[in-house]
Protein chains: 2
Amino acid sequence: MRVTIHDIARECGVNVSTVSRSLSGSYGVNDETRQKVLAAAKRLNYVPNRVARGLATGRSQSLALLISDVRNPFFAEVARGAEDAAFAADYDLILGNADLDRERQMRYFRSLVAKQVDGLIVNSVSGLSEEEVEELRAYRVPLVLLNRSEGVQSISSVSADNFQGGFLAGQHLIELGHRNIAHLTGPRQHGNLTERAKGFLKAVHQAGNSVHAVVIHGDQNQQGGYTMARKMLLSQPGVTAVFTANDAMAFGVIRALIENGKKIPDDLSLVGFDNVELASILQPPLTTVHQPKYEMGEAAVQILLRQIARPDSGPEHRLLGVQLVERESCRKA
Amino acid sequence: MRVTIHDIARECGVNVSTVSRSLSGSYGVNDETRQKVLAAAKRLNYVPNRVARGLATGRSQSLALLISDVRNPFFAEVARGAEDAAFAADYDLILGNADLDRERQMRYFRSLVAKQVDGLIVNSVSGLSEEEVEELRAYRVPLVLLNRSEGVQSISSVSADNFQGGFLAGQHLIELGHRNIAHLTGPRQHGNLTERAKGFLKAVHQAGNSVHAVVIHGDQNQQGGYTMARKMLLSQPGVTAVFTANDAMAFGVIRALIENGKKIPDDLSLVGFDNVELASILQPPLTTVHQPKYEMGEAAVQILLRQIARPDSGPEHRLLGVQLVERESCRKA
DNA sequence: GCGGTTGTTGCAAACGGTTGCAAGATAAGG
DNA sequence: CCTTATCTTGCAACCGTTTGCAACAACCGC
C-alpha cells in the first residue's frame, strides 16, 4: 500500500487534518509543524492520492478533449496547444477520438462526466440530436466547442475566422488577376466550410461581374479533392485558380493535376486552408490560409479554466485571426 | 448535486449496498429488485461517480500515454491505436506531451501516479537517470515502453523491428544495383536508430566488398536531413542512393536535392523509414519502411491490460514486423 | 486577573462508492 | 418439524482526502 497522510500523521505525532493542511499550503498551521510534516512526507516518499482528493473536493483536476481523430494534423496541433495550457495549470488532459460517430461521442460524454472531468472541449456537436445536446447540457460540465455551432449561443466556443480566411483567399487570387476561380469544399451545411465559402464569395462579389466563380461540393479530404479536381478539369476547362476549403483537398488536387500532366502554378494556381505542416514541405510549397491551431487549443483551455473558477460566468466566444501564407503555388494570371 | 446511489436507494426503499450490487452486476441480488433499481437509476438519470468508485476499488480505469509530441504523426498514430484499444476495454487515455524534457517527464509521472492511473505507456525513458528510473519502478504502476530501452529488461516494451527494417532498406538498394550508399541518421546512441543502422550495415556487409557505405550522423528531423544531404552532396559525390533513418530526414533530403537541381529517383534513389502519411503524398512518393504505428499503440494497451489483470505476470517484449513499401523514389543503378 | 483575540491543533463528518460479514427468509432434506 | 443450505438483503467499515467546528493555549489590553 502506498504512503498516506495517515502514515505521515503517525510519524509526526499529529492529526491527519494537520498534515492535510500542511501539505495543501492553506494557512492556519504553525510553521515549525509544517516543516516537520513536509520533511516526513519527503522522507516517506509520499505521493498524494488525487482520486481521494477529487472525491472530497468534487474536482478531478482533469480536462478532456474530444475530437474526431488525432491523426488529423489539425487536431494534433490543437491537442498539443490544449495539453500545454492544461499542464501549465496543473490539469491533465484526457483524449478521446470520437470520429464523427454520434454513439461513440455520447458514450464518451457519459464516461467523462462519470469521471468528473472539470471541463470538456469538443470538436463538434453538430451531429447530435436536440435531446442529446440537452443531456449534455444537463451534466452541467463546463464545455467549449471547437468551431462554433450555428445557433448554439449558450455554449462557449473557439473558432478561427473562417469567413475572413475565405475572403483572404479569394481576394488574393483575384488580385493576381484570376477571373475564373473554382472553390472546392465539403458537403453543404458544414458550419466551418460554409463560412469559408461565404468569405470567398464575398471577395468574388466585391470584384464585380468580371470574376466568375464556381463552388463544387464533395468529400472534405484528399480523395474528395482529387475527385472534384478531375471532374472540374473536364467540366470547367477555363478555370485558372482553385481555392480548396482545406489543405487535404488541395493535396488531392495536386495529385489529380500531376496525373493530368499539369503544373502548379503554371497551369493552375492553388490556395489551401489550414496550413498543415505538409503544406510547406510539398513541392511547390502551398499557399494557404493559416489557422492558429495551437492557439485554439490553448484558448479553449483558458476559457474552461475561467469557467471552472467562476461557474456562473457566461459563455465566451473567441474568434481567432487567420492569415494568408503566400508560398509558391500561385502566380499571376 | 448529482444523483447518487443513496438517492436511488431511498427511492427504491433498499440499502445502498443493494443498489451498488445491482448496478455493478455482481451476482447475489434478486432479479426483481435489480430491475427495480435499474429502472430507478434510469429514471433519475443516474451517472455513477467513477472517482468514488476509484477510491474504493483502487482502480481509476484510466491509462496514460506519455510521448514526446502528438504533433509528430508517428505518435499521433500510436495514440489513436492506444486510444481505440483503451476505449474498447472501457478505459480512457490521458495524454501527455513530455518532449524530451526529463523534468517535465518526471513531473508527469508523479502527477499520473497521484491520479492512480492503472497503467502507463511511455515513449522513452532513455534520458532518465538511474535514480529516476528507480523512482518510477517504485511506483509499481504497470509500464510499457514504446521502443525497448537497452538493458531495461524488467519493463515491458513494444517496438518495431528496427534492425530488420534497416536491413530491408539496405537490401533493397543493393538489389537495385547501388554500390555507393549513404545512411543518414540521428545522433549516436539513439537506440532505435542505431538498430536501423545496424540492420542496414548487415545488408551491406552481406553484399561483400563491392558495396561501399557511409553513415552520417545529424539531427533526426527534416532540418537535419537537409543539412546532412547538403554536406553529403559535396563530400560524397559518388553516392547514388540514400537511406534515411526516418521519413522526416528524407523530406529534408528532398528539399536539398531540389535546391541543387537534382531529381529523385533519376539522380539519387531515396528510402525513408516510418511510412508517415506524407510519404505517399509527396512527389515522387517515397519508398520507405512501414512501421506498424497504430498496432504498436494497440499492443501497448493490451500488454497493460494484461498486467493489470495479472499484476504478478512478468514483463513482455513485443517486436512488431515492418515492411518495405516500394514507391517511386528509387530506381535501378 | 479577567474577558477577548488570535493562532494552532484535533475531532469527526463528509465525498460516493465497494465489500466482508451477519442476519433473516425461504426452500430443501431427513 | 427441525436442521441445514441457499438467497437476498442490510449493516458498517473502508478507500484517502478535505474542511467546518470546537477546544485549547498563549497573548493582549485594561
Side-chain angles (χ1 to χ4, degrees), chain A residues 1-38 40-41 44-62 90 110-111 113-118 139, chain B residues 1-38 40-41 44-62 90 110-118 139-140:
Chain A
M1 206 72 283
R2 279 205 254 267
V3 180
T4 74
I5 55 171
H6 291 91
D7 300 316
I8 300 182
R10 198 177 324 112
E11 181 87 1
C12 297
V14 299
N15 189 276
V16 292
S17 59
T18 304
V19 176
S20 174
R21 282 188 269 256
S22 300
L23 293 171
S24 55
S26 61
Y27 279 109
V29 37
N30 182 289
D31 205 53
E32 198 177 330
T33 324
R34 157 175 283 121
Q35 294 310 328
K36 199 170 58 179
V37 169
L38 259 32
L44 299 179
N45 217 322
Y46 169 73
V47 179
N49 184 327
R50 293 250 217 161
V51 173
R53 182 176 225 267
L55 181 57
T57 60
R59 295 280 195 76
S60 66
Q61 210 71 358
S62 51
D90 205 28
R110 298 198 185 96
S111 157
V113 168
K115 231 167 216 156
Q116 313 284 106
V117 292
D118 298 326
Y139 291 141
Chain B
M1 205 73 286
R2 279 205 253 268
V3 180
T4 74
I5 55 171
H6 293 91
D7 300 315
I8 300 183
R10 196 177 326 112
E11 182 87 0
C12 297
V14 299
N15 189 277
V16 291
S17 58
T18 303
V19 176
S20 173
R21 281 188 270 257
S22 299
L23 293 171
S24 53
S26 61
Y27 279 109
V29 37
N30 182 289
D31 205 54
E32 197 177 330
T33 321
R34 156 175 285 120
Q35 295 309 329
K36 199 170 58 179
V37 169
L38 259 34
L44 299 180
N45 217 322
Y46 168 72
V47 179
N49 183 326
R50 293 251 218 162
V51 173
R53 183 175 222 267
L55 181 57
T57 61
R59 296 281 195 74
S60 66
Q61 210 71 358
S62 52
D90 205 28
R110 299 200 184 93
S111 156
L112 292 170
V113 168
K115 231 165 217 159
Q116 312 286 104
V117 291
D118 298 326
Y139 291 140
R140 310 210 154 285

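Here the structure is a predicted model, which is why all the values come from computation and not from measurement. Below, chain A is the first sequence line, B the second, and so on; all start at residue 1.
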**Request:** Could you check how far CG of B:Leu23 sits from P of C:dT18, rounded to whole Å?
**Result:** 8 Å
**Message:** Using whole Å, what does the distance between atom C1' of nucleotide C:dA27 and atom CG of B:Asn30 come to?
**Reply:** 14 Å
**Message:** Looking only at the side chain of B:His6 (C-beta and beyond, no hydrogens), which of the listed nucleotides D:dT8, D:dT18, C:dG17 gets closest?
**Reply:** C:dG17
**Message:** Treating A:Arg2 as the side-chain partner and B:Tyr139 as the backbone partner, does any N or O pair qualify as donor plus acceptor under 3.5 Å?
**Reply:** yes
**Message:** So does A:Val16 get a backbone contact from the side chain of A:Ser20, meaning a donor-acceptor N/O pair under 3.5 Å?
**Reply:** no
**Message:** I'd like to know if B:Arg50 and B:Asp90 make a salt bridge, using a cut-off of under 4.0 Å between side-chain N and carboxylate O.
**Reply:** yes
**Request:** Would you mind classifying the nucleic acid contact of B:Thr57 as base, sugar-phosphate or nothing, using non-hydrogen atoms under 4.0 angstrom?
**Result:** sugar-phosphate
**Request:** Select one nucleotide: of C:dT19, D:dT8, D:dT17, the one nearest the side-chain heavy atoms of A:Arg53.
**Result:** D:dT17
**Prompt:** Of all the nucleotides listed (C:dG17, D:dT9, D:dG16), which has the minimum atom distance to the side chain of A:Ala52?
**Reply:** D:dG16
**Item:** Touch class at under 4.0 angstrom, heavy-atom based, for A:Val51 against every strand present
**Value:** nothing
**Item:** N/O donor-acceptor pair under 3.5 Å between A:Lys115 side chain and B:Gln61 backbone
**Value:** yes
**Request:** To the nearest Å, give me how far apart CZ (B:Arg59) and P (D:dC14) are.
**Result:** 22 Å
**Fill in**
Separation of C:dT18 atom C1' from B:Asn49 atom CG, nearest Å, is 13 Å
**Prompt:** Could you give the CG-to-C1' distance, from B:Asp7 to C:dC15, as a whole number of Å?
**Reply:** 13 Å
**Request:** Indicate whether OP1 or OP2 belonging to D:dT9 is found under 4.0 Å from a side-chain N or O atom of B:Asn15.
**Result:** no
**Request:** Kindly say whether B:Gln116 contributes a backbone atom to a donor-acceptor pair with the side chain of B:Ser60 at under 3.5 angstrom?
**Result:** yes
**Message:** What's the closest nucleotide to the side chain of B:Thr33 if the choices are D:dT9, C:dG10, C:dG16?
**Reply:** D:dT9
**Prompt:** Where the side chain of B:Ala56 is defined as all heavy atoms beyond and including C-beta, which of D:dT9, C:dG17, C:dG10 is the nearest nucleotide?
**Reply:** C:dG17
**Request:** Take the protein atom OH of A:Tyr46 and the nucleotide atom P of D:dG16, then report the distance between them rounded to whole Å.
**Result:** 10 Å
**Item:** A:Gln116 CD to D:dT18 C1', straight-line distance once rounded to whole Å
**Value:** 16 Å
**Message:** Can you measure B:Arg10 atom CZ to D:dT9 atom P for me and round it to whole angstrom units?
**Reply:** 19 Å
**Request:** Choose from C:dT9, D:dT18, C:dT19 the nucleotide whose nearest atom is closest to any side-chain atom of A:Arg21.
**Result:** C:dT9
**Request:** Look at A:Thr18 and C:dG10 and indicate whether a side-chain polar atom (N or O) is within less than 4.0 Å of OP1 or OP2.
**Result:** yes
**Item:** Any N/O donor-acceptor pair, A:Thr4 side-chain to D:dC15 base, under 3.5 Å
**Value:** no
**Fill in**
Among the nucleotides C:dT19, D:dG16, C:dG10, whichever has the atom closest to the side chain of B:Leu55 is D:dG16
